[in-house]
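First up is the structure itself, then whatever we jot down about it.
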Amino acid sequence: MTNARPARLVTAVIAMTVISISIASAQPGAYEPPRLRDGKPDLQGIWQVRNTANWDLEHHAGSYGIPAGLGVVIDPADGAIPYQPWAAERQQQNFNERETEDPVAKCYIAGVPRTMYVPHPLQIFQTPAEVVILSEYVHTTRWIPLTTLPRYEGYESWIGDSRGRWDGDTLVIETVGFNGQTWLDHSGNFHSSALRVVERLTRTEPDVISYEATLEDPNVFTRPWTIRMPLYLHRDRDRLLENECYLYAEDAGRPIIGQHPEP
């Protein structure tokens, strides 16, 4: 969704060219990743994005609380999120109210896929039976079983219900069961509880994981759409640190008061 701000389109042509180069460099190639005893690629380590996806998934100029940046939407080719008309209006309203209504501004869990590109490192652990992704942001934990496990009927949460499998050297994660309360970025891009996310993680270089996510939500979007970005390995850290969002808000004189929103 492109907001009604002319400045957002100023760098569109240059941005499309630059992001195409960036995406091409992140494509899986002939790199042979390190492997665990079961033969699967070793994705373990502390990783982090170096982009502005947390603030806006699309190409955007700078605005209050949002640094300028290149978009990460690769499908559709124009880089625009394919909203239904009513949802486009809702996104614009969200954008206008972003400083107070963004769930992350209230210290809520960022959800999927946003947890993967908030400006905080994440750590991946894996065994033949499961993958665990820990985010430094508010102690978020994603447990992803790789074995057959039935879905929990009626389950919904801020982080969803994930199942993983290997497709060659790519880890594929399918997540459903969302509560519809998270945003996809600080610009108010959003989804409903019908969201289905399919993520693909491929180690393409010693210090790079190519991260891709396809989002499908028939209640909000006109078609599935895809984002892609690299995750970079931290070589200077061996652990995640504390992130106590609620305490930081209190220290800043902005205590988080109230209840979680109703679904």
Side-chain angles (χ1 to χ4, degrees), residues 26-49 108-118 120-179 182 191 193-217 224 226-235 237-243:
Q27 292 281 9
Y31 172 70
E32 177 61 29
R35 299 182 183 274
L36 299 181
R37 291 183 178 180
D38 63 354
K40 301 302 182 184
D42 185 357
L43 304 181
Q44 298 181 109
I46 298 177
W47 306 84
Q48 190 169 358
V49 299
Y108 297 158
I109 289 175
V112 176
R114 192 176 180 183
T115 290
M116 303 299 289
Y117 51 80
V118 290
H120 298 271
L122 57 86
Q123 188 166 9
I124 298 176
F125 300 90
Q126 72 184 91
T127 72
E130 62 191 348
V131 171
V132 174
I133 301 176
L134 305 180
S135 172
E136 190 169 277
Y137 173 69
V138 297
H139 310 287
T140 303
T141 300
R142 297 186 63 189
W143 176 63
I144 304 155
L146 302 178
T147 55
T148 301
L149 183 65
R151 299 279 186 183
Y152 301 107
E153 184 177 355
Y155 175 88
E156 63 177 35
S157 74
W158 292 82
I159 206 69
D161 184 23
S162 297
R163 299 291 185 273
R165 60 181 173 83
W166 287 97
D167 180 9
D169 285 346
T170 296
L171 175 64
V172 180
I173 306 169
E174 181 178 348
T175 306
V176 295
F178 296 100
N179 63 9
T182 62
H191 62 88
S193 59
L195 178 67
R196 173 177 175 267
V197 181
V198 177
E199 302 163 278
R200 301 178 66 87
L201 288 79
T202 309
R203 193 162 186 171
T204 57
E205 298 179 34
D207 294 348
V208 177
I209 287 177
S210 174
Y211 174 77
E212 180 178 301
T214 298
L215 293 81
E216 181 179 358
D217 186 339
T226 300
I227 61 175
R228 184 189 296 152
M229 66 194 76
L231 303 177
Y232 295 96
L233 181 66
H234 276 279
R235 291 290 187 180
R237 299 184 61 169
D238 62 358
R239 71 198 70 182
L240 298 182
L241 304 178
E242 294 292 327
N243 181 272

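The chain is numbered in sequence order, starting from 1. None of the values given here were measured: they were computed from a predicted structure.
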Would you say that [X] contacts [Y] through its side chain, given a criterion of any heavy-atom pair below 4.5 Å between the two side chains?
{"X": "M116", "Y": "V49", "value": "no"}
{"X": "R200", "Y": "V172", "value": "yes"}
{"X": "L122", "Y": "R142", "value": "no"}
{"X": "P113", "Y": "L215", "value": "yes"}
{"X": "I124", "Y": "I209", "value": "yes"}
{"X": "W166", "Y": "L171", "value": "yes"}
{"X": "L240", "Y": "H120", "value": "no"}
{"X": "T170", "Y": "E212", "value": "no"}

side-chain contact (heavy atoms from CB on, under 4.5 Å) partners of L241, counting only residues at least two apart: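 L241 satisfies side-chain contact (heavy atoms from CB on, under 4.5 Å) with E136, R237, R239 once adjacent residues are dropped.
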Restricting to non-hydrogen atoms, name the atom on [X] and the atom on [Y] that form the minimum distance, rounded to 0.1 Å.
{"X": "L201", "Y": "I173", "result": "CD1-CD1, 4.0 Å"}
{"X": "S135", "Y": "V118", "result": "OG-CG2, 4.3 Å"}
{"X": "Y108", "Y": "W158", "result": "CD1-CH2, 3.4 Å"}
{"X": "L233", "Y": "W47", "result": "N-CE3, 3.3 Å"}
{"X": "P145", "Y": "S162", "result": "CD-O, 3.3 Å"}
{"X": "Y31", "Y": "T204", "result": "CB-O, 3.0 Å"}

Is a donor on one side and an acceptor on the other found under 3.5 Å between the side chain of [X] and the backbone of [Y]?
{"X": "R196", "Y": "E174", "result": "no"}
{"X": "N243", "Y": "V138", "result": "yes"}
{"X": "R163", "Y": "L149", "result": "yes"}

Going from [atom1] on [X] to [atom2] on [Y], what distance comes out if it is rounded to the nearest 0.5 angstrom?
{"X": "T182", "Y": "I109", "atom1": "OG1", "atom2": "CD1", "value": "10.0 Å"}
{"X": "R203", "Y": "Q44", "atom1": "CZ", "atom2": "CD", "value": "9.5 Å"}
{"X": "E156", "Y": "D161", "atom1": "CD", "atom2": "CG", "value": "11.5 Å"}
{"X": "I144", "Y": "E130", "atom1": "CD1", "atom2": "CD", "value": "10.0 Å"}

Step by step, would you call T202 with S210 a side chain to side chain donor-acceptor pair (under 3.5 Å)? CA-CA 5 Å; T202 309; S210 174; 5.6 Å; no
Partners meeting side-chain hydrogen bond (donor to acceptor under 3.5 Å, both in side chains) with R114 (sequence neighbours left out):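 Partners of R114 under the side-chain hydrogen bond (donor to acceptor under 3.5 Å, both in side chains) test: N54, D102.
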side-chain hydrogen bond (donor to acceptor under 3.5 Å, both in side chains) involving Y211 - partner list, sequence neighbours excluded: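 Y211 satisfies side-chain hydrogen bond (donor to acceptor under 3.5 Å, both in side chains) with E199 only.
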From CA spacing to verdict: side chain to side chain contact (heavy atoms under 4.5 Å, CB included), T141, V132: CA-CA 7 Å; T141 300; V132 174; 4.2 Å; yes
Would L43 and V131 count as a side chain to side chain contact (heavy atoms under 4.5 Å, CB included) if you check the C-alpha gap in whole Å, the side-chain angles of each, and the deciding distance to 0.1 Å? CA-CA 9 Å; L43 304 181; V131 171; over 6 Å; no
Return the orientation label for the F178 and H191 ring planes: parallel under 30°, perpendicular over 60°, tilted otherwise.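 The arrangement is perpendicular - the two ring planes meet at more than 60°.
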Given L146 and Q126, is the side chain to side chain contact (heavy atoms under 4.5 Å, CB included) satisfied, shown in steps? CA-CA 10 Å; L146 302 178; Q126 72 184 91; 6.0 Å; no
